[in-house]
Amino acid sequence: MKTNKYNLSISSNMFQEKVLELTKKIPKGKVTTYKEIAKKLKSKAYRAVGTALRNNKTPIIIPCHRVVNSNGSVGSYKGVENSKEKIKLLRKEGVKVVNGKLDLEEYLFLDLS
DNA sequence: CCCTTGACCAAAC
DNA sequence: GGTTTGGCCAAGG
């Protein structure tokens, strides 16, 4: 979907908005994956989810550090892979991170309604 | 418009 | 266990 006859974007930003909304719902001490967020949006735009979070201007309000890769590695934060800051935040919330990875079986939060 | 770039994923080496 | 490869799709140039 691109533009309408007035050359205005139709559904741009909606994707990002939804991503941020879902991210806000992740409880402290839990995480979710880029894939699960995309799935909730009925999309396979895994990468676009990352793009949306990168665009996030309010990292405190939007806890984007709780979004990780589906293989259990923490992924990136503020454009930096395996960000020390991201790991720190997660640990502070009670998530065990070992060697840049965590146990999804234990921490994955799926009920994003 | 077309082309490139990613905070990714799954499968295959 | 790890690295590479092709695919994915929204955004920006």
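Atom set for the values below is all heavy atoms of this structure, side chains included, hydrogens, waters and symmetry mates excluded. Just so you know, these numbers come straight off a predicted model, no measurement behind them. Chain letters run A, B, ... following the sequence lines, proteins first, then strands; residues in each count from 1.
You'll find that the side chain of A:F15 is closest to C:dA11, out of B:dA7, C:dC9, C:dA11. Nearest nucleotide to the side chain of A:K35, out of B:dA10, C:dA11, B:dC8: B:dA10. Candidate nucleotides C:dC8, B:dA7, C:dA11 were compared by shortest atom distance to the side chain of A:K44, and C:dC8 ranks first. Taking the side chain of A:S76 as heavy atoms from C-beta on, and the options C:dC9, B:dA7, C:dA11, the nearest nucleotide is B:dA7.
With hydrogens and angles ignored, the 3.5 Å screen pairs no side-chain donor or acceptor of A:S73 with any backbone N or O of A:N69.
Regarding contacts with the backbone of B:dA10, every side-chain N or O of A:N71 stays at 4.0 angstrom or more from both OP1 and OP2. Checking the phosphate oxygens (OP1, OP2) of B:dC9, a side-chain nitrogen or oxygen of A:S70 falls inside 4.0 Å.
Summarising the geometry, the separation between CG on A:N13 and C1' on C:dG12 is reported as 13 Å, rounded to the nearest angstrom. Going from atom CD of A:E36 over to atom C1' of B:dC9 covers 12 Å, rounded to whole Å. The distance from atom CG of A:L41 to atom P of C:dC8 is 18 Å, rounded to the nearest whole Å. To the nearest angstrom, P of C:dA11 lies 15 Å from CZ of A:R54. When rounded to the nearest whole Å, the span between CE of A:M14 and C1' of C:dA11 equals 17 Å. Separating the CG atom of A:L108 from the P atom of B:dC9 is a distance of 11 Å, rounded to the nearest angstrom. Taking atom CG of residue A:L102 and atom P of nucleotide B:dA7, one finds them 19 Å apart after rounding to whole Å.
Judged as a side chain to side chain donor-acceptor pair (under 3.5 Å), the pairs with a partner in residues 88-102 of chain A (not counting sequence neighbours) are, in order, A:H65-A:E93, A:R66-A:E93. Within the structure, no pair that satisfies the side chain to side chain donor-acceptor pair (under 3.5 Å) test touches residues 26-35 of chain A, not counting sequence neighbours.
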Exercise. Please step through side-chain contact (heavy atoms from CB on, under 4.5 Å) for the pair A:L104 and A:V31, ending with a clear verdict.
Key: CA-CA 8 Å; A:L104 281 180; A:V31 301; 4.1 Å; yes

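Considering only residues two or more places apart in sequence or on other chains, A:N82 meets the side-chain hydrogen bond (donor to acceptor under 3.5 Å, both in side chains) condition with none of them. Applying the side-chain hydrogen bond (donor to acceptor under 3.5 Å, both in side chains) criterion to A:K24, with sequence neighbours excluded, gives A:E21. A search for salt bridge (Lys or Arg N to Asp or Glu O under 4.0 Å) contacts involving A:E17 returns nothing, not counting sequence neighbours.
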Pairs: protein N or O with nucleotides 1-7 of chain C N or O, under 3.5 Å:
| residue | atom | partner | partner atom | Å |
| --- | --- | --- | --- | --- |
| C:dG7 | O6 | A:R47 | NH1 | 2.9 |

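In terms of position along DNA chain C, the nucleotide closest to A:S43 lies nearer the 5' end than the nucleotide closest to the other residue of the pair A:S43 and A:N55.
Contacts of A:Q16 with the nucleic acid, taken as non-hydrogen atoms under 4.0 Å apart, involve only primed sugar atoms and P, OP1 or OP2.
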